[in-house]
Structure formats: structure tokens, C-alpha cells
Amino acid sequence: MTPEVKEKIDNLVQENKIMVFMKGNKLMPQCGFSNNVVQILNTLGVPFETVDVLSDQDIRQGIKEYSNWPTIPQVYINGEFVGGSDILITLYQSGELQQKVEVALAS
Ligand SMILES: N[C@@H](CCC(=O)N[C@@H](CS)C(=O)NCC(=O)O)C(=O)O
Ligand code: FES
């Protein structure tokens with residue numbers, strides 16, 4: 001990943017309390033895994049930003065290196081990598097995601 005791509009990702013995860021790297025966008029997810037994440041965050045009713053990695057190959061590859069995580073989607077909360085679809089589902093079901101989000105939005 002170039003320094004420019006790293007800086008772009010740094011800015012995205014620092015400027016948005018909940019940042020989602022996904023395929024497609026909120027209104028039209030282009031993959032079921034990305035759709036899972038969007039549906040969970042919509043259900044929680046929290047504000048979140050998204051980046052469509054299908055329209056930015058540098059970010060698509062860069063975010064995997066940045067997070068040391070091989071797949072999309074990737075969710076960041078308060079600048080911290082939380083996980084992909086499976087992890088979000090688990091955290092949502094246990095109530096931990098609500099907690100994390102509340103802490104992040106209050107900070
Ligand atoms: N088990 C993963 C599923 C995500 C996944 O397998 N993503 C694949 C297919 S969308 C991926 O990102 N492949 C690499 C790529 O498309 O760049 C999760 O929990 O997020
Ligand atoms: S785009 Fe095929 S599984 Fe995500």
C-alpha cells in the first residue's frame with residue numbers, strides 16, 4: 001500500500017466514528033456479506049459512512065493490508081478495526097455491538 005492510500009484510510013477511519021469498507025453502497029450493497037453489515041447498522045439506527053471498494057481497487061487491496069484482514073466488508077468503530085460480517089453478526093447478537101456503538105457515539 002502506498003503512503004497515499006494509507007493516509008486516505010487513516011483519514012476515513014479517524015473522521016468517521018463508524019466506517020464501513022464494503023462492496024456497493026448503503027442503498028445497493030453488491031454482496032450479501034456487505035449487506036449483512038449494512039442491515040445490522042440500519043437496525044441499530046446509527047449514523048455510518050461507507051466506501052465502495054469495487055470503485056477503488058487501491059482501497060480494496062490497501063484495507064486488507066491496513067487491517068491485516070483478508071476480506072470485505074470491514075467495519076471500523078472509533079478508529080479501531082472491529083471485524084467483517086461474521087464478527088458483526090456475533091457482536092450484534094450478544095449486545096456488544098450496541099454497547100461499542102453507544103460508547104463511540106458518546107465520545
Ligand atoms: N466471512 C467473511 C465473509 C467476507 C468474504 O468472504 N468476502 C470475500 C468475498 S466478498 C472477499 O472480500 N474477497 C476478497 C475481495 O473480493 O477482494 C466475513 O465475515 O466478513
Ligand atoms: S462478492 Fe461474491 S461473495 Fe462477496
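For ligands, and for the atoms within them, numbers begin at 1 and follow the listed sequence. Computed from heavy atoms alone, side chains included, the values below leave out hydrogens, waters and symmetry copies.
Between Tyr76 and Phe21, the two ring planes are perpendicular [angle over 60°; tilted spans 30° to 60°].
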Any protein N or O within less than 3.5 Å of an N or O in ligand 1? List each pair with its distance, or say none.
residue: ligand 1; atom: 1 (N); partner: Asp86; partner atom: OD2; Å: 3.1
residue: ligand 1; atom: 7 (N); partner: Ile72; partner atom: O; Å: 3.0
residue: ligand 1; atom: 12 (O); partner: Ile72; partner atom: N; Å: 2.7
residue: ligand 1; atom: 12 (O); partner: Ile72; partner atom: O; Å: 3.4
residue: ligand 1; atom: 16 (O); partner: Lys23; partner atom: NZ; Å: 2.5
residue: ligand 1; atom: 16 (O); partner: Arg60; partner atom: NH2; Å: 2.8
residue: ligand 1; atom: 17 (O); partner: Arg60; partner atom: NE; Å: 2.9
residue: ligand 1; atom: 17 (O); partner: Arg60; partner atom: NH2; Å: 3.3
residue: ligand 1; atom: 17 (O); partner: Lys64; partner atom: NZ; Å: 2.5
residue: ligand 1; atom: 19 (O); partner: Ser85; partner atom: N; Å: 3.3
residue: ligand 1; atom: 19 (O); partner: Asp86; partner atom: N; Å: 2.7
residue: ligand 1; atom: 19 (O); partner: Asp86; partner atom: OD1; Å: 3.4
residue: ligand 1; atom: 19 (O); partner: Asp86; partner atom: OD2; Å: 3.3
residue: ligand 1; atom: 20 (O); partner: Ser85; partner atom: N; Å: 2.8

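Distance check, rounded to the nearest 0.5 Å: NZ of Lys23 to SG of Cys31 gives 5.5 Å. How far OG of Ser107 is from NZ of Lys17: 3.5 Å, rounded to the nearest 0.5 Å.
For the residue pair Tyr92/Thr43, the side-chain donor-acceptor check at 3.5 Å is not satisfied.
No option in Ile77, Val82, Asp52, Leu41 other than Leu41 meets the side-chain contact (heavy atoms from CB on, under 4.5 Å) test with Val20.
In this comparison of Cys31, Ser34, Ser85, Pro73, the heavy atom closest to atom 4 (Fe) of ligand 2 sits on Cys31.
For Lys8 and Tyr66, the positive end is not near the middle of the six-membered ring at less than 6.0 Å and at most 45° from its axis.
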